[in-house]
Amino acid sequence: MTTLPTTHVQQIPSITNALARDIVTAAIEAAERTPHRFSIAVVDAAGHLNAFARMDGAPLLTIQIAQDKAYTAAGFGMATDQWHEFIKDDAPLAMGAPAGIDRLVTFGGGIPVTVDGRIVGGVGVSGGHWSDDIEIARAGLAVV
């Protein structure tokens with residue numbers, strides 16, 4: 001068996017479950033002060049679900065949308081609300097990206113989680129207008 005030198009292996013920082021749960025808890029606390037019911041998802045740097053909560057009364061579809069927002073934010077390192085501006089003047093991209101990239105969300109509520117300038121995950125929120133979702137995601141990220 002050949003052992004590869006460590007220069008052939010990447011070590012990618014990723015969010016811990018403890019921090020992911022803290023983000024979800026802070027987001028829920030903020031959400032409880034609104035009239036809306038939300039789902040909140042946190043994924044790790046690879047886009048895998050790490051922590052999740054669906055508030056009582058949150059619509060069923062918010063489960064998948066929150067997870068996809070978190071996935072999009074972690075995968076591209078860009079908040080989901082920035083996608084509209086990014087693709088709106090590029091017809092091929094505007095037509096192809098939302099339809100052709102699985103799980104891509106192009107409206108607000110997904111924000112990358114960064115620590116020391118490195119993307120370690122993403123948070124996604126769904127349940128209100130996308131602008132409400134952004135506020136709840138930011139409230140969750142306040143613990144980082």
Side-chain angles (χ1 to χ4, degrees), residues 4-55 57-144:
L4 293 174
T6 58
T7 57
H8 289 41
V9 177
Q10 287 184 348
Q11 292 188 5
I12 300 171
S14 195
I15 194 168
T16 64
N17 181 254
L19 179 56
R21 286 183 286 122
D22 288 346
I23 291 169
V24 169
T25 298
I28 289 172
E29 288 171 0
E32 288 174 338
R33 295 188 294 270
T34 76
H36 305 293
R37 302 297 89 187
F38 297 89
S39 287
I40 300 109
V42 178
V43 300
D44 63 19
H48 301 290
L49 186 63
N50 192 313
F52 178 83
R54 176 181 175 226
M55 296 174 69
L60 178 63
L61 289 177
T62 64
I63 297 168
Q64 185 66 46
I65 295 167
Q67 290 180 50
D68 289 351
K69 287 180 180 184
Y71 178 86
T72 299
F76 285 97
M78 181 168 71
T80 57
D81 64 300
Q82 295 175 337
W83 271 93
H84 176 74
E85 195 64 31
F86 183 68
I87 66 175
K88 71 178 178 126
D89 295 324
D90 185 334
L93 190 57
M95 291 297 294
I101 300 174
D102 191 37
R103 301 184 66 188
L104 177 69
V105 176
T106 60
F107 50 90
I111 303 174
V113 179
T114 58
V115 174
D116 297 329
R118 306 278 309 263
I119 297 169
V120 298
V123 60
V125 175
S126 180
H129 183 270
W130 61 263
S131 59
D132 300 317
D133 296 347
I134 291 171
E135 292 307 312
I136 301 304
R138 286 181 179 154
L141 287 173
V143 302
V144 178

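Keep in mind that what you see is a predicted model, and the values were worked out from it rather than measured.
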Gap separating the [atom1] atom of [X] from the [atom2] atom of [Y], nearest 0.5 angstrom:
X: Y71; Y: T80; atom1: OH; atom2: OG1; answer: 14.5 Å
X: K88; Y: L93; atom1: NZ; atom2: CG; answer: 13.5 Å
X: R37; Y: R54; atom1: CZ; atom2: CZ; answer: 12.0 Å
X: K69; Y: I40; atom1: NZ; atom2: CD1; answer: 11.0 Å
X: L104; Y: F76; atom1: CG; atom2: CZ; answer: 6.0 Å
X: M55; Y: E32; atom1: CE; atom2: CD; answer: 5.0 Å

Among I136, T114, I111, which residue satisfies the side-chain contact (heavy atoms from CB on, under 4.5 Å) criterion with L141? I111
Do the side chains of [Y] and [X] get nearer than 4.5 Å, heavy atoms only?
X: D133; Y: F107; value: no
X: V144; Y: V120; value: no
X: M78; Y: W83; value: yes

Where is the tightest heavy-atom contact between [X] and [Y], given as atom of each residue plus distance?
X: G108; Y: W130; result: O-CB, 3.4 Å
X: A79; Y: P112; result: N-CD, 3.7 Å
X: A66; Y: S39; result: CB-O, 3.5 Å
X: G109; Y: I134; result: N-CG1, 3.5 Å
X: T72; Y: V105; result: OG1-N, 3.1 Å
X: A41; Y: A70; result: O-CB, 3.7 Å

State which residues pass side chain to side chain donor-acceptor pair (under 3.5 Å) with H129; sequence neighbours excluded, sorted by chain then number. S131
[Y] backbone acceptor or donor facing [X] side chain under 3.5 Å:
X: N17; Y: N50; answer: yes
X: T62; Y: G127; answer: no
X: S14; Y: A45; answer: yes

In chain order, what residues pass the side chain to side chain contact (heavy atoms under 4.5 Å, CB included) check against L60, with sequence neighbours excluded? I63
Taking atom CZ of R118 as the centre, does the number of heavy atoms from other residues, nucleotides or ligands within less than 6.0 Å exceed 12? no
